[in-house]
A.B. asks: 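Below: one structure in structure tokens.
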Protein chains: 12
Amino acid sequence: MSNIAIIHGPNLNLLGTREPEVYGSNTLADIEIALTDRFGDEHELRFFQNNWEGALIDYIHDLRGWMDGIVINPGAFTHYSYALRDAIAGVALPTVEVHLSNIHAREPFRRTSVLAPVCVGQISGFGWYSYVLGVEALLDFLTR
Amino acid sequence: MSNIAIIHGPNLNLLGTREPEVYGSNTLADIEIALTDRFGDEHELRFFQNNWEGALIDYIHDLRGWMDGIVINPGAFTHYSYALRDAIAGVALPTVEVHLSNIHAREPFRRTSVLAPVCVGQISGFGWYSYVLGVEALLDFLTR
Amino acid sequence: MSNIAIIHGPNLNLLGTREPEVYGSNTLADIEIALTDRFGDEHELRFFQNNWEGALIDYIHDLRGWMDGIVINPGAFTHYSYALRDAIAGVALPTVEVHLSNIHAREPFRRTSVLAPVCVGQISGFGWYSYVLGVEALLDFLTR
Amino acid sequence: MSNIAIIHGPNLNLLGTREPEVYGSNTLADIEIALTDRFGDEHELRFFQNNWEGALIDYIHDLRGWMDGIVINPGAFTHYSYALRDAIAGVALPTVEVHLSNIHAREPFRRTSVLAPVCVGQISGFGWYSYVLGVEALLDFLTR
Amino acid sequence: MSNIAIIHGPNLNLLGTREPEVYGSNTLADIEIALTDRFGDEHELRFFQNNWEGALIDYIHDLRGWMDGIVINPGAFTHYSYALRDAIAGVALPTVEVHLSNIHAREPFRRTSVLAPVCVGQISGFGWYSYVLGVEALLDFLTR
Amino acid sequence: MSNIAIIHGPNLNLLGTREPEVYGSNTLADIEIALTDRFGDEHELRFFQNNWEGALIDYIHDLRGWMDGIVINPGAFTHYSYALRDAIAGVALPTVEVHLSNIHAREPFRRTSVLAPVCVGQISGFGWYSYVLGVEALLDFLTR
Amino acid sequence: MSNIAIIHGPNLNLLGTREPEVYGSNTLADIEIALTDRFGDEHELRFFQNNWEGALIDYIHDLRGWMDGIVINPGAFTHYSYALRDAIAGVALPTVEVHLSNIHAREPFRRTSVLAPVCVGQISGFGWYSYVLGVEALLDFLTR
Amino acid sequence: MSNIAIIHGPNLNLLGTREPEVYGSNTLADIEIALTDRFGDEHELRFFQNNWEGALIDYIHDLRGWMDGIVINPGAFTHYSYALRDAIAGVALPTVEVHLSNIHAREPFRRTSVLAPVCVGQISGFGWYSYVLGVEALLDFLTR
Amino acid sequence: MSNIAIIHGPNLNLLGTREPEVYGSNTLADIEIALTDRFGDEHELRFFQNNWEGALIDYIHDLRGWMDGIVINPGAFTHYSYALRDAIAGVALPTVEVHLSNIHAREPFRRTSVLAPVCVGQISGFGWYSYVLGVEALLDFLTR
Amino acid sequence: MSNIAIIHGPNLNLLGTREPEVYGSNTLADIEIALTDRFGDEHELRFFQNNWEGALIDYIHDLRGWMDGIVINPGAFTHYSYALRDAIAGVALPTVEVHLSNIHAREPFRRTSVLAPVCVGQISGFGWYSYVLGVEALLDFLTR
Amino acid sequence: MSNIAIIHGPNLNLLGTREPEVYGSNTLADIEIALTDRFGDEHELRFFQNNWEGALIDYIHDLRGWMDGIVINPGAFTHYSYALRDAIAGVALPTVEVHLSNIHAREPFRRTSVLAPVCVGQISGFGWYSYVLGVEALLDFLTR
Amino acid sequence: MSNIAIIHGPNLNLLGTREPEVYGSNTLADIEIALTDRFGDEHELRFFQNNWEGALIDYIHDLRGWMDGIVINPGAFTHYSYALRDAIAGVALPTVEVHLSNIHAREPFRRTSVLAPVCVGQISGFGWYSYVLGVEALLDFLTR
């Protein structure tokens, strides 16, 4: 059994209402229920969404002792938050980066992730299913 | 009658004391009084200043149901806060970007606005009067 | 009472017929009438449109003695006419740059204004109303 | 039941022997057996590895009528094969791009995928498990 | 009478089915028939399509003794195949580069041709008629 | 029968005397006679050469009602005249861009056309014959 | 006697545990004790660490009246927080920028400080001793 | 005896009044008188100032038969007028480029001359005396 | 005794006929005979030329068990074939890169080798003698 | 007791007379006396100033056996002397880089140090006191 | 009467023998005799050529008290010697930069002068006559 | 018999002691003995090492009459010494550039040689054996 933190960055609380043609119509609650249904029996999941960079950093620091790994959708912080990057590097836990949309097929600024160099891997473009894949990827990594 | 949120980004609370040769000698309170005098009879204005990126995002989310449009001076967030950009795009309300100084005549990093592509328009360089013009521009837009 | 020159750069004579989804359906004559209605009682306005860079420069030189300030929509010259920039700097009169569309939300080449560093400020994205705001901004500047 | 082509680009035939610290110790045969074990009962999988750009393009063209989607690890072609990109765009079938290593954490030239803009999404960094996730992602996409 | 090789690069075998809104609905066979109808009485034409860079290079080498000039639509190889460029330079025969779509009006990567510096000229944007113009241009060049 | 404007940009009046090793020894008059011989029976052609950017723009505006399409050799304006680009976009008529020399094989600054994105296509490198091909391309386009 | 604020940016609370080979094994508490031992008799020091950009800005604003100068280790905010830069410029107090590691010898993105242009100077690379040097530098500056 | 055209580009008619701290207090008439005094006995000088790019090009074309060489201060056209460059290259007469201010010590955009590659040489930074040096340089060149 | 593969990339089969002023007048056969004469008594050499990137990759894979090292002239693949680079890295055998012409003295695109980082060293500019030096360099390396 | 070489690069002999508003009014002799006063009892200091890159390199080589570390103000060599960089790397002794002015707040070319990657750390902006801090930093480093 | 130092940078001692098609056939001695003939009666000239950057810097320092101004041909140091730039800025004497060839018409690296921002002006392209013009320009400057 | 100058740039006197894992353990004396053993009977070799750019330039000038060619390891001057480049171009003798390490596989700044365009060829990456190959390459060149 693994303890997994699933972290959502800025504006993901709008999910389901915000630009549904890009991000799909599921809400964050929908996604969290689906993930719990799928993985909740065997693993402990904690969810956290916040629009504040500092809150995400604190959360990662605070769960350092509890969690075995992180699945994070950093939202727009993907592209500039070196502080979040340093937080992930600082706790030194396996982290999987996920994105709803295929960031490599969008505006040029969205194609660069400053977090990627400190993550295990990246999953991008599969809507809410990116989270499912992200948890699976992390679990596989933890059993190696 | 329109509901308008007037949002000030980081360091604008210092207005009137900070580098007055660049930003003028009016305080934020002065500006807000002037705007209320001018537009307050016919429209409802709410003012918000904050130095925290997350607070600005939350505020925009929270007023989603109330407001008809936004006038925002994003301060230094203009140049890098893709999270704020996504917040504006996410609530999908008409937004006017204003700047006290002419950002296109200053240091190179100040000439790029990452918010502009999701705003109706931009007004830059007229001191506190940029806000007046910004509200007028928004009101004109809302009546089209 | 102020004397104000309102200058339109290349292709603005096509206004109302050219790409109306970008530039609106008002003609230049419509705009000039609206501006005269609004400001003509208290201020003297002169209008000038030309597709020739040299004509715009000559006009600015010629009105040097008469005018108190300029509102200019430089059209495509915005992006490369250093000669027009030098003309504005040369007469040393307060100049407000206006654009119908939000140039900061369009093709990359349209996001740079070579004129901005010698202008008081820039207004961009409000259709013909950009001119109204431009005149107001100039008048406010002249009374400081 | 879906028909899925699983395509491996150049040098992936060396898998298991080539730089195992980067790419892991499983051979391509191992991966294909594992994928068949996991998905072969319900779906039809066809595997293809080739070091020749033209062979990959021909293969994609040829299976156009049979397959419902593609999982492709383009190897080094990821970074420059616009011809492969056009092949994927040309057959207009959902394609998932997978990478064994986290390309966004390696040399700068490996961080750009010229194929990404014509793919559904990208999975990068999970060793041979990237293929598993890729097939799952494609199957999920096909059922939407 | 001239001997002319008409060479089609990768994915052009999909013509007529691939993205018809970009590339038109004529197949390669249609084009070749039309070209033969138009020029076949007076000139000898040979057609070659291949998705393999090496096949195109070999073909150019092999027809060195026979052909008087080349009309080539290099497809995506236009943008990166320095090997194809060296093949054209190596046989030192007049070559006309043609494109169905106007490559200078598409994605930035499509605006650069690494072959152009070793070709007589370039024709871009006229659908299958680009080939007709290309043959005419080559014939005119050969008679100078 | 189509009405076609054939427009020559700056310095093309020097043709035949200017750098003949680059531009050939035909004068502009020679070219216009040849074009009239070839197309004048079935189509109406009007020719215009000017070294003034504004004159070219005015000419395009003025013939808006008469002409069905444009063949333009923009000379050096190709590389920086966004005003000319906007004129072409503004009249919204099919335009073919032609060049005597192969601009993609010359100095780097000549390889970029700011007009190309608003033209049907581009023909470059065939001396005066580029005009012949340009008219043919336009006529073909007009009959689609 | 001088009042000095010593400010630590994001992730510095992890000091001593985070990547000790880069940042050393002293905790922030160790450093603060050492600084107090060394400078506390003659000067008043206040310490503040926070992972939230907004909190750092507020703190700088709030201590404006009390402090004579700032020693700041901005952590990852060094590289992108124009808001923090404006806060320092806004309070117009002498500020010394310190870094534990030699940022000019690390990844390219760490070599640029957006804060440097508004600071007195920068000290980088001496582990916790960078703080000692920073306080000395500030005290020397204050006595000029 | 040589025939020399001395050509002044845009905004130079403002000389003496425009930014005298940059360009000095001599008017263009003063300069022309001084040049005539100095060189008028032995050489024929013709002066031409114009703010219109096309007028400068026409003038250069028209004097082709009369003049032996050109001294040109292209003003802001220095930085973008490829059409003027082609005019100078087209008439193939020795041309000396002069500038009042030291363009290599000013804003970055002023440090590049698109005309320089087709001129004999460049003189920059000596106020009106740059013209004197320019004529001397041209005369020396003509006697080689 | 060492086993050495000598591999020639695209267009090198044209050697002796292709641009002899750049590449010399020896054919590939001449070079291979000369190399055999010089090194064939003591070492086993195998030669391979191919215009197909895939063929080169396969060849390198196939000879993995036999050869002790590689001398490769990658031709134009030098500048973009990351697949060839990965093939060399994948077999992990010492490889010397040779070029007939001095690639660092030619067009900018020829100055970058994407293969160099996985090779022992590079020899460039000595015509067919580059191969001789390359074999010597490899032999020296193998005896260290 | 440590042996420390304090090395001054080009133009530092002008100190006290050269641009005192940037570099202060202390001469190099003043600085050396102050450093000797402060550190001379416990440590041996040797001073060297030279305007010749080669002299600085030779000096570093020559003192290799004697010195324990280096404090260097490389002057303008900071920005381009890879030879000096290799000298420091070559002797492999701890080196502290100091600057009188804050190089990160000056012209862009001054913000890059090619020496920094081979130094322990960098101190910049504190006038002659940068040397004091530099020696302290080095001594602290030597005692770790 | 003025005291003028005329300084020649690296490789100028080869003048007359080195690439005469670029630099002319006069030797440095010829030039110095010609300058003495022309200016030696009224002014004192001292000549200095050296291939050593440090020697040029020392020379400029040493003549600080004697000379009224400098005419310098920095040779290749033009493009990278920030140390020479600082020497000129440090002595704060009017300096004229001269070049034999037109550096703005040559290889890209020769088009940038790192010295220009600290010089009065620049003269480039007139062979040995550039020196004559340089002395005249300096004398004119000294009499203002 | 040929006269060959073998020139070593800055820091190569440290060879054998400096970073032996990069540069090997042979000293310069070892290399020179080995080269003399190998080539000294038939050719005259002169060796020169210096850390001073000017000394290298003078040496090249001075041996102009004696030597038939140069083998040079420019050390760090490879990357910025345009003066050394001009010295080699100035004496117009065949020059072979050698490097101990494979500069194309190291830091980006080491991958560019400003000398390469004036050299016959470049040999890089074979330790002291690069010199042997360099002399062989030069001798072969001299006998063509």
Side-chain angles (χ1 to χ4, degrees), chain B residues 7-29 48-60 72-85 87 97 99-104 106-116 124, chain G residues 5 7-11 13 48-70 72 74-95 97 103 107-120 122:
Chain B
I7 300 176
H8 318 281
N11 297 301
L12 286 160
N13 54 319
L14 295 185
L15 213 65
T17 64
R18 167 194 177 202
E19 302 169 75
E21 73 290 354
V22 178
Y23 297 105
S25 59
N26 290 99
T27 65
L28 215 55
F48 185 68
Q49 190 278 330
N50 210 288
N51 298 322
W52 304 53
E53 185 192 42
L56 298 175
I57 296 169
D58 279 359
Y59 188 81
I60 290 170
I72 188 166
N73 177 349
F77 290 154
T78 305
H79 315 303
Y80 63 104
S81 180
Y82 290 108
L84 198 51
R85 169 196 178 122
E97 181 189 354
H99 300 282
L100 298 164
S101 63
N102 186 355
I103 60 172
H104 305 294
R106 297 183 64 192
E107 304 99 310
F109 78 82
R110 293 204 200 267
R111 296 184 195 177
T112 300
S113 166
V114 303
L115 274 65
S124 166
Chain G
I7 300 175
H8 317 281
N11 297 301
N13 54 319
F48 185 67
Q49 190 279 330
N50 210 289
N51 297 323
W52 304 53
E53 185 192 43
L56 297 175
I57 295 170
D58 279 0
Y59 188 81
I60 290 171
H61 288 186
D62 291 349
L63 265 63
R64 208 168 5 148
W66 170 79
M67 65 188 167
D68 299 305
I70 300 170
I72 188 167
F77 291 154
T78 304
H79 315 304
Y80 63 104
S81 180
Y82 289 109
L84 198 51
R85 170 196 176 123
D86 281 357
I88 292 170
V91 298
L93 288 170
T95 301
E97 179 188 354
I103 60 172
E107 304 99 311
F109 77 82
R110 293 203 199 268
R111 297 183 194 178
T112 299
S113 166
V114 303
L115 275 63
V118 299
C119 290
V120 171
Q122 187 192 70

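Below, chain A is the first sequence line, B the second, and so on; all start at residue 1. Quick caveat, the model's predicted, so the values are computed rather than measured.
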A.B. asks: Count the heavy-atom pairs under 4.5 Å between each of G:L56, G:D58, G:D86 and chain B, then report the option with the highest count.
C.D. replies: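 That would be G:D86.
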
A.B. asks: Just so I know, are the side chains of G:I60 and G:L93 near enough to count as touching, which here means a heavy-atom distance under 4.5 Å?
C.D. replies: no

A.B. asks: For each of G:A92, G:A89, G:A55, tally heavy-atom pairs with chain B at distances under 4.5 Å, and name the one with the top tally.
C.D. replies: G:A55

A.B. asks: Describe, in one word, how the ring planes of B:Y59 and B:F48 are oriented to each other, choosing from parallel (under 30°), tilted (30 to 60°) and perpendicular (over 60°).
C.D. replies: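 Because their plane-to-plane angle is under 30°, the rings of B:Y59 and B:F48 count as parallel.
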
A.B. asks: Heavy-atom cut-off 4.5 Å, strictly under: side chain, backbone, both or neither for B:N50 against chain G?
C.D. replies: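 Neither; nothing under 4.5 Å.
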
A.B. asks: Is there a side-chain contact between B:L15 and B:H8, using heavy atoms and a 4.5 Å cut-off?
C.D. replies: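 No, side chains not in contact.
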
A.B. asks: Give me the one residue out of G:L63, G:T95, G:I70 that meets side-chain contact (heavy atoms from CB on, under 4.5 Å) with G:I7.
C.D. replies: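 Going through the options one by one, the only one that passes is G:I70.
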
A.B. asks: Heavy-atom distance under 4.5 Å to chain B: side chain of G:A83, backbone, both or neither?
C.D. replies: both

